[in-house]
Amino acid sequence: MLKKYDTIYKSTSETGAISEAAEILKEGGLVAFPTETVYGLGADALNSDAASKIYAAKGRPSDNPLIVHIADKNDVYKLASEVPECAKILMEAFWPGPLTLIFKKKEIVPDGTTGGLSTVAVRMPSHPDAMALIKKSGVFIAAPSANTSGRPSPTAAEHVLEDMNGRIDMILDGGAVGIGIESTIVDTTSSVPTILRPGFITRSMLESQVGQVEFDKALFIQDPSVKPKAPGMKYTHYAPSGELSIVESETTPGKVTDSVIDTINNLVLSHEAKGEKVAVLATGDTSPLYKCKNIILLSDTDDDITVAQRLYGALRECDRVGADYIYSESFSGDELGGAIMNRLIKAAGHRIIKV
Ligand code: TXA
Ligand code: MG
């Protein structure tokens, strides 16, 4: 049985809130806190019992390892048995920030934190509240996104409350996050650095520092027998309750063509005729062209940074309006658009309507 908690909810600006959270972490408890990407659900990374509570609170499969958050670059050497040259360059260029690096792990990192893997994922977040919490607690913080497993990652403290109230000790509210999708994950143990999860730090940004960088091939292959190197990438994720489909132009993926708009409008019409509720996820430029009661704006203009910030909140909004069916425009490319599309495809359980 999962322990029932009285979850404490405090703003990070409240005097003593971060110290209180730090005490809870030291004692092996669970605290949700803001980072620049999404809210994390933290526990002492070197305390196996504490880390195991994260899995229970999230309903997370135990083979899905956690990211260890640090507040000082040098602490990487306490967790990693080898720090390759490319990792040193990437740490200098992008830490603190939305980049997670995979290393061979040292003995002190428990299997409970790494899902039994011999590697460990490490990230130094740039959010001042996250930094303050790590420093104040004096522990390394293992933290997945603070959502129930399978639901959209939380980009505001209210999202954490929706999913985690009564399941964790404390929620620190630091306002809405800046980036909105999870960190880029790069495996530095392979001969060529490999992106296991795309994010705000894009391939070209990485390549400008260390030369050639590859994507994990499993990211683009539909075959379920090809296993992604980041165990979490194999699960359906971020899914709203309604059935989400992406409508994509066959010839110009990522571009919203007339036939994308016509297809979405026809689908909306046929669902609404049956009394079903529909929502459309649209960007500002094309949103006036949809004939649907629930148009959820991913951006005011055609701007991927805003789409990333709003995406998970928009998926939760689909639940709030009670949408049975959801249609989204598509995104593409090697840069942020590709990272957005990666999350959308998982939220849609790979349902893509090509037109
Ligand atoms: O932005 C982020 O990274 C957020 C914030 C809270 O820092 N955290 C986050 O954690 O997204 P989570 O648990 O939702 O996703 C972690 C991903 C999973 O896909 C997991 O499988 C992968 O990282 N991962 C963790 N350790 C790994 C390892 N040793 N090797 C390969 N993949 C690993
Ligand atoms: Mg997650």
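All ligand and atom numbering here is 1-based and tracks the order in the structure.
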Which of the atoms in ligand 1, numbered in the order shown and given with their element, are less than 4.0 Å from a heavy-atom of [X]?
| X | answer |
| --- | --- |
| T37 | 1 (O), 2 (C), 4 (C), 5 (C) |
| E182 | 1 (O), 2 (C), 11 (O) |
| S145 | 8 (N), 9 (C), 10 (O), 12 (P), 14 (O) |
| T119 | 28 (C), 29 (N), 30 (N) |
| S183 | 1 (O), 2 (C), 3 (O) |
| L117 | 28 (C), 29 (N), 30 (N) |
| N64 | 18 (C), 20 (C), 21 (O) |
| G40 | 6 (C) |

Report task. Compute the shortest N/O to N/O distance between Y39 and ligand 1 and return yes if it is under 3.5 Å, no if not. Result ->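 For ligand 1, there is no N or O atom that lies under 3.5 Å from one belonging to Y39.
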
Query raised in the report: Do ligand 1 and R123 have nitrogen or oxygen atoms that lie under 3.5 Å from each other?
Result: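 Looking only at distances, the answer is yes, because the N/O contact criterion of under 3.5 Å is met.
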
Report task. Working to the nearest 0.5 Å, report the span between OG of S145 and NZ of K58. Result ->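 Here the interatomic distance stands at 3.5 Å.
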
Query raised in the report: Taking the side chain from Y39 and the backbone from V177, do they hold a donor-acceptor pair closer than 3.5 Å?
Result: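 A pair under 3.5 Å: no.
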
**Report entry** Main-chain N/O of V307 paired with D304 side-chain donor or acceptor, under 3.5 Å
**Finding:**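 Not at all, since once roles are kept as given, no pair shorter than 3.5 Å links the two residues.
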
If you measure from each non-hydrogen atom of [X] to ligand 1, which part falls under 4.0 Å: side chain, backbone, both or neither?
| X | result |
| --- | --- |
| A143 | backbone |
| I185 | side chain |
| I102 | side chain |
| K229 | backbone |

Residue, atom name and distance, where the atom is the protein heavy atom closest to [atom]:
| atom | result |
| --- | --- |
| atom 7 (O) of ligand 1 | H69 NE2, 2.6 Å |
| atom 32 (N) of ligand 1 | A230 CA, 3.3 Å |
| atom 10 (O) of ligand 1 | P144 CA, 3.3 Å |
| atom 24 (N) of ligand 1 | P65 CG, 3.7 Å |
| atom 19 (O) of ligand 1 | G232 CA, 3.3 Å |
| atom 15 (O) of ligand 1 | R197 NH1, 3.1 Å |

Are there more than 12 heavy atoms of other residues, nucleotides or ligands under 6.0 Å from atom [atom1] of [X]?
| X | atom1 | answer |
| --- | --- | --- |
| K73 | NZ | yes |
| K291 | NZ | no |
| I108 | CD1 | yes |

**Report entry** Any I67 heavy atom less than 4.0 Å from ligand 1
**Finding:**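 Flag set, I67 near ligand 1.
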
**Report entry** ligand 1 contact by R60, heavy-atom criterion under 4.0 angstrom
**Finding:**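 Contact check R60 vs ligand 1: positive.
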
Query raised in the report: Relative to the ring of Y238, is the ring of Y312 parallel (under 30°), tilted (30 to 60°) or perpendicular (over 60°)?
Result: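 Y312 and Y238: tilted rings.
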
Query raised in the report: If you measure only the distance, is there a donor-acceptor pair under 3.5 Å linking the side chains of R310 and T155?
Result: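 Result is no, nothing qualifies.
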
Requested in this report: Answer yes or no for S145: is there an N/O/S atom below the 2.8 Å cut-off from the Mg ion (ligand 2)?
Outcome: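 True for S145.
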
Requested in this report: Verify salt bridge (charged side-chain N to carboxylate O under 4.0 Å, His left out) between D319 and R151, making sure each step is shown before the conclusion.
Outcome: CA-CA 11 Å; D319 286 349; R151 292 210 72 208; 3.0 Å; yes

Requested in this report: For residues A17 and M170, report the shortest heavy-atom separation together with the two atoms involved.
Outcome: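 Looking at all heavy atoms of both residues, the closest pair is O-CE, 3.6 Å.
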
If two hydrophobic side chains count as joined below 4.5 Å and joins carry through other members, does [X] share a cluster with [Y]?
| X | Y | answer |
| --- | --- | --- |
| I171 | I24 | no |
| Y9 | L133 | no |
| I134 | I18 | yes |

